[in-house]
Amino acid sequence: MLFDPRPKNRREEIFDREEELKSLIGGMEDYPITILIGIRRVGKSSLLRVAMNEFSGVGIYLDARRLYAAGGGTISQAVLADEIRKILLGKGRFGFLSGIKVEGISLAGVSLRPGEATIIDLFELLNGLGEKFGKVVMAFDEAQYLRFYGPRGGKDLLAGVAYAYDSLPNLGFVFTGSEVGLLYDFIGIDDYSSPLFGRVYEEVEVRPFPRELSKEFLRMGFSEVGLDVPEEEIEKAVNELDGIPGWLVEFGFNYWKRGSFERAMEGTIARARSVIREELIELEKRSPRYSLILRAIAIGLSRWSTIKDYVEAKGGPITNARLSALLRNLEKMGWVKRENGRYKIIDPVVEKILKE
Ligand code: ADP
Ligand code: MG
């Protein structure tokens, strides 16, 4: 069902995205590294999960943000290896791994014991599986959180990926995340001090639906649940929510459950408010000034100097260098974009909530 608000897993559960899916699966098959980018709620995780199911090799979907939270703010190799083992066991054909603890896995001459095993041992083991069962692809969702892997900002993992790139043809990687700039900073393809500097990769971008497609998406969703919704309401919904599938699904689902445009929009905004608040709390942990800056931009202060005036009036003095750095980070995290020297909030729903 299109209006199911959970992330989708199967081809028939998602609308459109044929091109993106084809490129993503092609990347998994033909490239050592694929990077999947797009703003929050645009459908990256759904697309990735579908690709994992359609891929002819062995897909291992890992949510780095969840691993980070489960590890209390760090990701250890033991946790990663254990998660991989659980996923492989769930795939049936790797039943032979059951009963063996991670530490005891031994395949293709590699065995993993605590304290001894390195990430490279783990990758060699997966490459060994890849030789037998078809290419193994590890897909890291919200991969910017991998900077919390190990004690060196994720460098050990990247060194492992670089090694796999050079020497393990049956192991590939997908990295995806909503904080596009942070993701690129982490992977470091343009950073000569990074182990992955200069490597070739496939990039797939998921964009919000264009206007007509957004309307088609709503029509199709409504027809699936047997609702006849007037065209002008569909038009109005797309005006307010843009082509971001996460919000369109929320709206469709709410309409279905609550029965009118007004109540559906109310429900969607209420839900958006709670989701976005949580994201802002996360952001404020990095710097309390972020939400001041976002608020300034949301109320229409689009120029650097007017943003500065607002932030100083509300939060005290700030140096030019500091404000520039914070604005740059907001761009990297996918909150704002800059066009012709003016800043704008990317997601209109986020903008609306910030204005309140
Ligand atoms: P992201 O990972 O980019 O933040 P998600 O994959 O979590 O986005 O998608 C947000 C929500 O939107 C999901 O709950 C999913 O139900 C819905 N969604 C995204 N893309 C589609 C699509 N192409 N068809 C149907 N629903 C979608
Ligand atoms: Mg996601």
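Counting starts at 1 for both ligands and their atoms, following the listed order. One is the number of the first residue; the rest follow in order along the sequence.
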Subject >> Distance-only polar pair, side chains of Asn170 and Lys132, donor-acceptor under 3.5 Å >> reply: no
Original post:
Which residue and non-hydrogen atom of the protein lie closest to atom 18 (N) of ligand 1, and at what distance in Å?
Top reply: Pro245 CB, 3.8 Å
Subject >> Distance under 6.0 Å and angle within 45° of ring axis: Arg271 vs Trp247 >> reply: no
Original post:
Counting from 1, what ligand 1 atoms have a heavy atom of Ser46 closer than 4.0 Å?
Top reply: 5 (P), 6 (O), 9 (O), 15 (C)
**OP:** Give the residue and atom name of whichever protein heavy atom lies nearest to atom 7 (O) of ligand 1, and the separation in Å to one decimal.
**Re:** Ser45 CB, 4.1 Å
Original post:
Going by atom types alone, do Glu233 and Tyr255 pair a side-chain donor with an acceptor below 3.5 Å?
Top reply: yes
Original post:
Of all the non-hydrogen atoms in the protein, which one sits nearest to atom 24 (N) of ligand 1, and at what distance?
Top reply: Phe15 N, 2.9 Å
Subject >> Which residue and heavy atom of the protein sit nearest atom 17 (C) of ligand 1, plus the separation >> reply: Val249 CG2, 3.8 Å
**OP:** May I ask you to check whether Tyr61 and Asp141 show a side-chain donor-acceptor distance below 3.5 Å?
**Re:** yes
Original post:
Closest non-hydrogen protein atom to atom 4 (O) of ligand 1, residue and atom name please, with distance?
Top reply: Arg41 N, 2.7 Å
Subject >> Polar side chain donor-acceptor pair, Arg40 to Ser178, under 3.5 angstrom >> reply: no
Original post:
Under a 4.0 Å heavy-atom limit, does Thr176 contact ligand 1 with its side chain, its backbone, both, or neither?
Top reply: neither
**OP:** Tell me, yes or no, whether the heavy-atom count around Arg322 atom CZ, taken from other residues, nucleotides or ligands under 6.0 Å, exceeds 12.
**Re:** no
Original post:
In the protein, which heavy atom is nearest to atom 11 (C) of ligand 1, and how far is it?
Top reply: Gly246 CA, 3.6 Å
